[in-house]
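What follows is a set of notes on a single structure, which appears directly below.
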Protein chains: 2
Amino acid sequence: MPFSEFYQKYFPFWEKLTDDDREYLCQHSSVVRFEKEQSVHTSAECSGLYIVRSGRLRLYMLSEEGKEVTLYRLSPGDICMLSASCVLKSITFDVYVDAEVPSDCYMISGLAFSTISERVMEVKNYALEIAVQRFSDVMWVLQQIVFMSMDKRLAIFLLDEVTANGTDTVSMTHEQISRHLGTAREVITRMLKHFASEGWVEVSRKGIKILDKNKLRDIAC
Amino acid sequence: MPFSEFYQKYFPFWEKLTDDDREYLCQHSSVVRFEKEQSVHTSAECSGLYIVRSGRLRLYMLSEEGKEVTLYRLSPGDICMLSASCVLKSITFDVYVDAEVPSDCYMISGLAFSTISERVMEVKNYALEIAVQRFSDVMWVLQQIVFMSMDKRLAIFLLDEVTANGTDTVSMTHEQISRHLGTAREVITRMLKHFASEGWVEVSRKGIKILDKNKLRDIAC
């Protein structure tokens with residue numbers, strides 16, 4: 001599909017642009033494919049905007065010691081705005097973006113988008129609005145970390161994973177889960193052992209199979 | 001000072017408004033005084049926008065169990081936008097705002113501001129831009145909580161407090177500090193005992209006196 005056809009449906013501001021501006025954005029667009037676990041964006045560089053067409057991207061923070069915390073995921077139809085720091089100048093923190101599974105994206109150069117957004121207020125508005133929506137996602141993470149016990153967070157994580165993947169098994173190592181939740185591997189292993197001893201999950205080399213979804217939901221709520 | 005004179009200097013969008021819109025905003029403005037520790041805004045109600053004229057406001061999250069985490073403070077000249085949830089519809093989380101010291105504010109009705117912001121894109125843009133700036137503050141808090149050890153967080157907190165108040169003593173109880181940092185009182189007491197035994201602070205009934213600012217800065221960095 002040519003970009004213009006897609007953008008016309010996707011961007012609420014498209015009709016406010018001149019033909020020249022539209023062409024300019026399309027000329028600075030490309031199709032990018034990321035393999036599983038490939039890095040999409042690191043730190044404060046202005047990589048550009050990514051619209052997820054298929055697959056799934058993960059945004060996370062990374063500490064100097066290599067500790068990670070997942071902020072949110074992007075599914076097909078979602079747009080990644082925080083990877084275009086030149087568009088949102090008041091965003092002063094660094095985020096990292098990886099592909100969780102093989103993912104196809106449309107990419108618009110950050111500089112090109114920024115040029116248009118400085119001139120057309122509707123475009124600026126759109127970018128800010130997207131960022132503010134993500135603010136709410138991050139507040140949810142903060143709330144979880146500060147106010148929730150780890151068993152609750154793990155239950156929510158497992159339920160979210162199986163829902164997102166449409167399976168009953170989370171195919172991740174304890175190490176991977178602990179990175180998502182920003183804790184130590186030992187904490188996850190201990191917690192999963194407890195979940196398994198209660199018969200709520202089954203832990204094997206293939207991953208964590210959910211046996212009692214209702215019980216996990218109870219813990220999550 | 002009449003509101004219009006102040007707003008003209010304060011709001012970058014003021015010159016874009018019609019005379020009617022300006023008058024409308026001024027008519028829906030008021031001067032509000034908050035006593036120390038008085039609540040300014042609770043939860044998701046649309047209280048309105050507050051511009052701090054004197055004093056200091058504190059924004060925080062509150063769990064169901066009454067646990068708090070400070071997100072950021074507002075000083076004279078700062079504007080509180082998250083208390084006007086009707087202006088920023090994509091903000092879906094609840095914040096609480098208290099006056100930390102006696103504070104004078106200008107308040108604009110959330111509904112009035114929202115009405116104008118729906119019509120004048122520059123106003124909407126201003127509100128979103130302020131919210132996105134605060135996003136960066138909150139990310140800093142999240143980073144501190146997830147990646148920093150408590151001694152580092154406590155050192156930063158004590159240094160920020162004495163800088164904000166222009167004194168060398170933090171006049172707060174361990175309980176109050178623990179609420180700011182979202183941890184248990186015992187953790188703060190233990191940490192302060194350690195700081196005191198090293199000669200970096202002096203703990204008395206009056207509060208925590210900073211004896212070795214440089215050492216605290218070392219821990220903070």
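These numbers come from the heavy atoms of this one structure, side chains and all, not from hydrogens, waters or symmetry mates. Each chain gets a letter, A, B and so on, in the order the sequences are listed, and its residues count up from 1.
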Could you list which of residues 170-181 of chain B have a heavy atom closer than 4.5 Å to any heavy atom of chain A, in residue-number order?
none
Here the gap from B/Glu129 atom CD to A/Lys89 atom NZ, rounded to the nearest 0.5 Å, amounts to 9.0 Å
First locate atom CE of B/Met139, then atom CG of A/Leu71, and finally report the distance between them rounded to the nearest 0.5 Å.
4.5 Å
Between atom CG of B/Leu88 and atom CZ of A/Phe135, what is the distance when rounded to the nearest 0.5 Å?
9.5 Å
Spacing of CE belonging to A/Met121 relative to CD belonging to B/Glu122, to within rounding of 0.5 Å:
4.5 Å
Sorted by chain and residue number, the side-chain hydrogen bond (donor to acceptor under 3.5 Å, both in side chains) partners of A/Ser29 (sequence neighbours excluded) come out as A/Tyr7
Would you find a donor on one side and an acceptor on the other, under 3.5 Å apart, between the side chain of B/Ser90 and the backbone of A/Ile130?
no
How close do A/Ala131 and B/Val132 get, heavy atom to heavy atom, and via which atoms?
CB-CG2, 4.0 Å
Using non-hydrogen atoms and a 4.5 Å limit, figure out which bit of B/Leu142 sits close to chain A: side chain, backbone, both or neither.
both
Would you give the length of the straight line joining atom NZ of A/Lys124 to atom CG of B/Asn125, rounded to the nearest 0.5 angstrom?
7.0 Å
